[in-house]
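The next block holds one structure in the form of structure tokens; read it before the comments.
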Amino acid sequence: MALVTSALGLTLLLKNIVSTAGYLFFYTAVVASAWFGGKWSGGFAVVLSTLAVAYFFTPPIYSFRITRESLPLFIEFAASSVVISWFSSYRKQTETALAGARDELQMRVEERTAELKRTNEQLLAEMAERKRAEDAYYEAQAELARVTRMSTMGALAASISHEVNQPLAAVVTNADACLMWLSSDPPNLEEVRSAVDSIAQEGTRASEVVRHIRAMFTKAAPERVRVQLNEVIREVGALMSVQASRNEVALQIELAEDLPAAIGDRVQLQQVIVNLVLNGIEAASGVMDRPRRVAVKSERTGSDEVLVAVRDSGTGIDPKDQKRIFDAFFTTKSQGMGMGLSISHSIIEAHGGRLWASANDDHGATLQFTLPIDHESAA
Ligand code: ADP
């Protein structure tokens, strides 16, 4: 209504100044009403404009009557008003619908993006959780292996040191007494003789203890069954694979086909191979400038022996330690017990075989042992 009234005012005003103004303002009012108010508002503007035009501008002026001459002009105005009103409201409707669809689309895209973000965050959290659990599992496993080794060896070491300490303490006490009797004036040689006697006795006792402990490893008669060493090596490979990959060491297994069986104690032989592979992995873990590798190989040598070699690309054995690595308690590792090679050596000897170490041509060391074959299975 306000728009049509303004259009009327403007048209009346401008009619006297510019004759070409025509009905432009009425059209504008109709378009604006239909645009902002919708089709009902547009229709109302059409009716009002038509009435205003009929009353003010179509002869006879100031009357709603329409003469025959002005009828075509009046109809043209009314019809074009209706058309532009409809068109304007239609355009407005389409645009509103389009804007609505766009808003909805945007909302859905935002919702979906947020959902994807949430899923992604959940996935990342799950992955981090799984990684943590995996790390904890590996750590627990490594710790378990270390504790098992340490506790067995620790208990053994404690009992050995307890057994050996007593005679050694007696030796020291008697030696002190000996010095005292020798320095008295005149020296009491009788007492000195008896102290030296005691020293000899205690020394013999200590060496008996050591011999006895060694006998525990060597004399315990191993079980004597047929052992397929290839199977044992495969089992050890599976057992050590986690340890190897944790240390980024490639564990390779090269088995000779138709390897004859050996005779012996399966568990003890497995223990030997575990020790050698573990040492290889530990040695290889120390290198940074070349691939870390441990290869376990089996082969038949000569007519009556099988050979198992564990070759690593590690730090190698210091030549000055070469002779001592099979000694009990010899270790160069901060956490080492120095028992692995000593026990392995005893086991292989008890099986009638031989265990030795050698330096590789390039890098690292090879520890290998031979065992007599079971002639029945070889035949
Ligand atoms: P531990 O592993 O507890 O030290 P071992 O008796 O198994 O005890 O080994 C004794 C020592 O021999 C090690 O500390 C190490 O110095 C040396 N050794 C054994 N295997 C290897 C190897 N593959 N490469 C280099 N050194 C080795």
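First listed ligand is number 1; within each ligand, the first listed atom is number 1.
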Problem set entry | Shortest reach to atom 16 (O) of ligand 1 by a heavy atom, considering only Thr315, Thr332, Asn360, Ile343 |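 Among Thr315, Thr332, Asn360, Ile343, the closest heavy atom to atom 16 (O) of ligand 1 comes from Thr332.
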Exercise. Nearest non-hydrogen atom to atom 25 (C) of ligand 1 belongs to which of Gly316, Gly286, Ala284, Gly338?
Worked result: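 It is Gly316 that holds the nearest heavy atom.
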Enumerate the atoms of ligand 1 whose separation from the nearest heavy atom of [X] is less than 4.0 angstrom.
X: Gly340; answer: 5 (P), 6 (O), 7 (O)
X: Leu367; answer: 20 (N), 23 (N)
X: Ile325; answer: 10 (C), 12 (O), 17 (C)
X: Met339; answer: 6 (O), 8 (O)
X: Gly336; answer: 3 (O)
X: Phe330; answer: 10 (C), 11 (C)

Problem set entry | Side-chain donor-acceptor contact under 3.5 Å, Ser85 with Ser88 | no
Exercise. Just checking, is any N or O donor in the side chain of Tyr27 or Ser80 under 3.5 Å from an acceptor N or O on the other one?
Worked result: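 There is such a pair (donor and acceptor under 3.5 Å, judged by atom type) between the side chains of Tyr27 and Ser80.
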Problem set entry | Verify same cluster id: Phe329, Leu278 (apolar side-chain graph, 4.5 Å) |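 Linked, Phe329 and Leu278 end up in one cluster.
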Exercise. According to a 4.5 Å side-chain heavy-atom criterion applied to Ile, Leu, Val, Met, Phe, Trp and Tyr, with indirect links allowed, do Val287 and Leu251 form part of one hydrophobic cluster?
Worked result: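 No, no single cluster joins them.
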For this session: Answer with yes or no whether Asp321 contacts ligand 1, where contact means a heavy atom under 4.0 Å from a ligand atom.
Result: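 No; Asp321 lies far enough from ligand 1 that no heavy-atom distance drops under 4.0 Å.
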For this session: Mark the output for Gly314 as yes if a heavy-atom distance to ligand 1 is under 4.0 Å, and as no if none is.
Result: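 Distance cut 4.0 Å: Gly314 fails for ligand 1.
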Exercise. For ligand 1, is any non-hydrogen atom under 4.0 Å from Asp312's backbone (N, CA, C, O), its side chain (CB onward), both, or neither?
Worked result: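 Only the side chain of Asp312 comes within reach of ligand 1.
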